[in-house]
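Okay, structure first, notes after.
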There are 2 protein chains.
Amino acid sequence: MIDFSKLDKLIHEKGRLSIMTLLAARAEWRFQDLKSELEMSDGNLITHLRTLYKAGYVSIAKEMEKRPQTKYALTEAGRKAFSDYLAVLEQILDMGKS
Amino acid sequence: MIDFSKLDKLIHEKGRLSIMTLLAARAEWRFQDLKSELEMSDGNLITHLRTLYKAGYVSIAKEMEKRPQTKYALTEAGRKAFSDYLAVLEQILDMGKS
DNA sequence: GGTATTACTTTGTGCTACAAAGTGTTTAGT
DNA sequence: ACTAAACACTTTGTAGCACAAAGTAATACC
């Protein structure tokens with residue numbers, strides 16, 4: 001039986017799940033790109049990013065070329081956590097197909 | 001790009017997702033079986049079940065053989081909604097693997 | 001100098017997951 | 001007959017978000 005308690009609560013939320021999915025698909029994302037892609041408000045997006053950062057799932061790199069730019073990426077721990085999360089999704093999918 | 005807004009909020013919650021997954025895997029579940037399988041409190045479980053019932057995703061059949069028994073099952077709408085939900089999960093998985 | 005951009009922070013609201021404890025009915029045990 | 005247990009709830013309360021809106025500070029462009 002599936003162990004639903006393994007569904008990392010930090011990732012299993014629409015906002016953060018979408019962020020994690022984007023970060024997993026491309027190496028680096030700027031704040032503005034995430035924002036326009038996900039159509040989130042500044043406050044909402046930064047809150048989720050900080051939550052993921054505090055969990056050690058996301059790295060933050062501030063740069064100052066012309067305009068300030070902040071780049072976000074998955075850490076190794078983040079990639080691992082996301083991969084574990086996806087494994088649970090896979091189990092759910094397998095069950096749903098039976 | 002994945003349309004995360006299609007992630008049915010009623011299903012995308014740990015408690016209800018686990019319920020829906022069980023209901024999708026087997027035709028009928030008694031309250032007690034769901035409870036012991038998911039290790040939820042009565043109040044929590046019944047609340048989620050009623051939420052799904054109100055959404056039209058779950059049917060409730062009360063029976064009175066010896067002990068009162070209530071059996072829960074997916075409706076057609078529930079099966080459809082779950083299938084749509086799984087389709088989004090599949091997209092997320094596909095992205096995560098790239 | 002004034003406006004726009006970037007990346008925030010602050011504040012507030014409203015929802016909801018979840019637990020704990022209580023209710024009413026029925027059946028099993030002695 | 002009386003007690004205890006099982007079943008399916010309901011009620012109540014709390015704590016924790018998600019999310020939006022508005023404000024802040026620094027820099028760049030015209």
Side-chain angles (χ1 to χ4, degrees), chain A residues 2-23 28-55 57-73 81 85 88, chain B residues 2-23 28-55 57-73 81 85 88:
Chain A
I2 303 171
D3 189 358
F4 289 96
S5 69
K6 288 226 177 74
L7 262 190
D8 191 333
K9 211 186 166 188
L10 267 112
I11 299 178
H12 188 69
E13 190 277 326
K14 226 168 78 175
R16 287 191 297 271
L17 175 55
S18 54
I19 292 173
M20 291 293 282
T21 305
L22 293 191
L23 291 182
E28 261 188 354
W29 286 79
R30 287 178 300 157
F31 187 87
Q32 289 303 317
D33 294 341
L34 285 173
K35 187 186 162 188
S36 61
E37 184 69 44
L38 299 173
E39 292 175 355
M40 282 188 198
S41 66
D42 283 28
N44 196 12
L45 178 56
I46 197 85
T47 304
H48 285 317
L49 284 170
R50 295 189 87 79
T51 300
L52 293 170
Y53 172 74
K54 280 177 197 162
Y57 291 175
V58 160
S59 66
I60 303 181
K62 306 203 181 199
E63 294 178 16
M64 264 303 201
E65 297 170 14
K66 300 204 170 187
R67 303 253 164 228
Q69 280 188 359
T70 312
K71 290 180 178 173
Y72 297 88
Y85 176 84
V88 183
Chain B
I2 303 173
D3 187 359
F4 289 97
S5 69
K6 288 226 177 71
L7 263 191
D8 192 334
K9 211 187 166 189
L10 267 111
I11 299 178
H12 189 69
E13 189 278 327
K14 224 169 79 177
R16 288 192 296 272
L17 175 55
S18 55
I19 292 173
M20 291 293 283
T21 304
L22 293 191
L23 291 181
E28 261 187 352
W29 287 79
R30 288 177 300 158
F31 187 86
Q32 287 306 315
D33 294 342
L34 286 174
K35 187 186 162 189
S36 61
E37 184 68 44
L38 299 172
E39 293 177 353
M40 283 189 196
S41 67
D42 282 29
N44 195 12
L45 178 56
I46 198 85
T47 304
H48 284 317
L49 283 171
R50 296 190 86 79
T51 300
L52 294 170
Y53 172 75
K54 280 178 197 162
Y57 291 176
V58 160
S59 66
I60 304 180
K62 304 200 182 199
E63 294 177 16
M64 262 304 201
E65 297 170 12
K66 299 202 170 189
R67 301 250 165 233
Q69 279 187 0
T70 311
K71 290 178 177 174
Y72 298 88
Y85 176 84
V88 183

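Since this is a predicted model, take the numbers as computed values, not measurements. The figures that follow rest on heavy atoms only: side chains count, while hydrogens, waters and symmetry mates do not. Residue numbers begin at 1 in each chain, while the letters A, B, ... track the order of the sequences.
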Pairs under 3.5 angstrom, nitrogen or oxygen only, protein versus nucleotides 26-30 of chain C, please.
residue	atom	partner	partner atom	Å
C:dT26	O2	B:R67	NH1	3.2
C:dT27	OP1	B:K66	O	3.2
C:dT27	O2	B:R67	NH2	3.4

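The interatomic distance linking B:E39 (CD) with C:dC18 (P) rounds to 13 Å, in whole Å. The nearest whole Å value for the distance from the CG atom in A:L34 to the P atom in C:dT6 is 13 Å. The CG-P distance, from B:D42 to C:dA21, rounds to 13 Å in whole Å. Between the CE atom of B:M40 and the C1' atom of C:dA19 there is a distance of 13 Å, rounded to whole Å. As rounded to whole Å, 7 Å separates atom P of C:dA7 from atom CZ of A:F31.
Closest non-hydrogen pair, B:K14 versus A:F4, comes out as CD-O, 3.7 Å.
Contact check, A:K35 against C:dT6: no side-chain N or O comes under 4.0 Å of OP1 or OP2.
Within 4.0 Å of A:T70, counting heavy atoms only, lie sugar-phosphate atoms of the nucleic acid but no base atom.
Looking only at side-chain heavy atoms (C-beta outward), B:T70 and B:I60 come within less than 4.5 Å of each other. Two residues are said to be in side-chain contact when any heavy atoms from C-beta on lie closer than 4.5 Å; B:Y72 and B:I19 fail this criterion. The side-chain heavy atoms of A:S18 and A:M40, taken from C-beta on, include a pair separated by under 4.5 Å.
Mapped onto DNA chain D by nearest heavy atom, B:T47 and A:N44 fall at different nucleotides, with B:T47 at the one closer to the 5' end.
Legend: residues meeting side-chain contact (heavy atoms from CB on, under 4.5 Å) with A:R30, ordered by chain and number and at least two apart, are A:D33, A:Q69, A:K71. Listed by chain and residue number, B:D8, B:L17, B:M20, B:Y57, B:A81, B:F82, B:Y85 satisfy the side-chain contact (heavy atoms from CB on, under 4.5 Å) test with B:I11 (two or more places apart in sequence, or in another chain). The side-chain hydrogen bond (donor to acceptor under 3.5 Å, both in side chains) test applied to A:K35 returns A:D42, not counting sequence neighbours.
To the nearest 0.5 Å, atom CG of residue B:L49 and atom CH2 of residue B:W29 are 12.0 Å apart. Rounding to the nearest 0.5 Å gives a distance of 5.0 Å between CG of A:L38 and CG of A:L22.
Of the residues in residues 9-23 of chain A, not one comes within less than 4.0 Å of DNA chain C through any heavy atom.
Scanning DNA chain D 5' to 3' for nucleotides with an atom closer than 4.0 angstrom to a non-hydrogen atom of chain A gives a first and last hit of D:dA18 to D:dC29.
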For this session: Begin from the C-alpha positions of A:H12 and B:H12 and carry the test side-chain contact (heavy atoms from CB on, under 4.5 Å) through to its verdict.
Result: CA-CA 8 Å; A:H12 188 69; B:H12 189 69; 3.0 Å; yes
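The neighbour count for B:E63 CD, taken as heavy atoms of other residues, nucleotides or ligands under 6.0 Å away, is above 12.
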